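Everything quoted here is computed from the prediction, not taken from an experiment. Protein chains get the first letters and strands the later ones, always in sequence-line order, with residue 1 at the start of each.
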Protein chains: 2
Amino acid sequence: MAKSSSGTPSRERIVAGAADMISRRGLSATSIREMAKHAQAPLGSTYHYFPEGKQQLAAEAVRYTGEWVARSLRKELADGPAAGLSAFLALWRGIVVDTDFHAGCPVLAVAIEEPPADEVPPALAAAAEVFDQWEGLLADSLRAHGAGAEQAAQVATLIVAAVEGTVALCRAKRSTEPLDRTAAQLQALIDATIKH
Amino acid sequence: MAKSSSGTPSRERIVAGAADMISRRGLSATSIREMAKHAQAPLGSTYHYFPEGKQQLAAEAVRYTGEWVARSLRKELADGPAAGLSAFLALWRGIVVDTDFHAGCPVLAVAIEEPPADEVPPALAAAAEVFDQWEGLLADSLRAHGAGAEQAAQVATLIVAAVEGTVALCRAKRSTEPLDRTAAQLQALIDATIKH
DNA sequence: GGTAGACTATGACGGTCGTTATAGCCAGAG
DNA sequence: CTCTGGCTATAACGACCGTCATAGTCTACC
């Protein structure tokens, strides 16, 4: 057993690989068989580690990405909101460029999958939590640097939404120009927000 | 025959229905069989009207949505960039609310599907064109109201990206609050941009 | 050495996928 | 009335899907 907090290495490989594949093709286009193969794990193992099936695996992949981004965000926000935004932008730019515009954000990919009627699948709930987490980190930093609570919340939401949307624009256009433009405007917005 | 510019009514029903379904579930999760059934058309008809198959149908659905939004945008931008933004926001809010957070933007949905290696599928190319079109309309209006070319382009990209991202946030959270927050910030940004 | 339990291997279940082929219907032109 | 051509009906192709069941392997502890 020895249930370490990060789980078996093989288990974590599956989750990380799933996050990568979902960020490229979306959840429904990513099969469990492919996720297993991509992580060099047998298909049976996925149902051993994730007995609730695909939704559980997707939810963990979303949270995995969420925590990975949040770690970077927490670290860089120590130098202020502008530094945090720069890191946030650089992180996504790296993913988009390194994959030749093939990958994006798995959280966004999961967020736009239609849920069954009268139900909220675990992966979608996880996506909502991750967005909240990112917004919270940004808003906290803005408030710590003099922004009002309302203003901070609005700017934080705008940043997360704009960056997610911009990554999608970059993928469609196969260009990083949208990221450059969004970066310029958001940086100016942060300056204006914390200087007020 | 009688090839009208808008095509046979049945053909247009298929395209419109496809746009709706793609906006809910994404492209790969939407089967041609379901699109046909949703439009009350036989499966054979889809391959009659769209001989290139799913990609052609998806591309047309993307352009259909693009033109629909552009029409609203053109009309409201006559009253200035702020009015255009309001219409843009209201349009997406309507979709999200009317579908109980089940539908979003089909253009975004198509934009985040991974293309095959060394290839740009028609639907993805159409998504890029639609984003360009929307940005162009907004940027033109901003420049017509005194914004510099660079500033106008940056703000236009930010608006499109932010609204697309915000719609996804709303779906994940099952709340329109992100749209409220983004709206407030973008309106302020437009005011500052054209007043400068 | 034995035994429990974590993991793997294998194969199957019913179902849906995109696409194609073929034969048929049926309005309108001659 | 015949015939053409746009549209439909039906069935099939191989491939893949999520999930489950079962039997097997291997490792760590008693």
Inset, instruction - Could you tell me whether B/E177 and B/K173 have a side-chain N and a carboxylate O separated by less than 4.0 Å? - result: no
Inset, instruction - Considering just the side-chain nitrogens and oxygens of A/S31, establish if one lies under 4.0 Å of OP1 or OP2 belonging to D/dC17. - result: yes
In whole Å, I'd like the distance from the [atom1] atom of [X] to the [atom2] atom of [N].
X     : N      : atom1 : atom2 : value
A/F50 : C/dC7  : CZ    : P     : 11 Å
A/R11 : C/dA6  : CZ    : C1'   : 14 Å
A/M21 : D/dC17 : CE    : C1'   : 14 Å
B/Q55 : C/dG18 : CD    : C1'   : 12 Å
A/Y49 : C/dA9  : OH    : P     : 11 Å
A/L43 : D/dA21 : CG    : P     : 14 Å
A/R13 : C/dC7  : CZ    : C1'   : 13 Å

Inset, instruction - Kindly point out which of C/dT19, C/dA9, D/dA9 is positioned nearest to the side chain of B/K54? - result: C/dT19
Legend entry - Closest nucleotide among C/dG18, D/dA9, D/dC17 to the A/R33 side chain: D/dC17
Sugar-phosphate only, base, or nothing, as touched by [X] at under 4.0 Å among non-hydrogen atoms:
X     : answer
A/E52 : nothing
A/Y47 : base
B/T46 : nothing

Inset, instruction - Quick one: do B/E76 and B/R71 satisfy salt bridge (Lys or Arg N to Asp or Glu O under 4.0 Å)? Show the steps, please. - result: CA-CA 9 Å; B/E76 304 296 333; B/R71 242 182 332 254; over 6 Å; no
Legend entry - Earlier contact from the 5' end, DNA chain D, for A/T30 and A/G44: A/T30
Legend entry - Check: B/P121 and B/P116 side chains under 4.5 Å, non-hydrogen atoms: yes
Legend entry - Cluster overlap A/M21 with A/V167, hydrophobic side-chain contacts below 4.5 Å: no
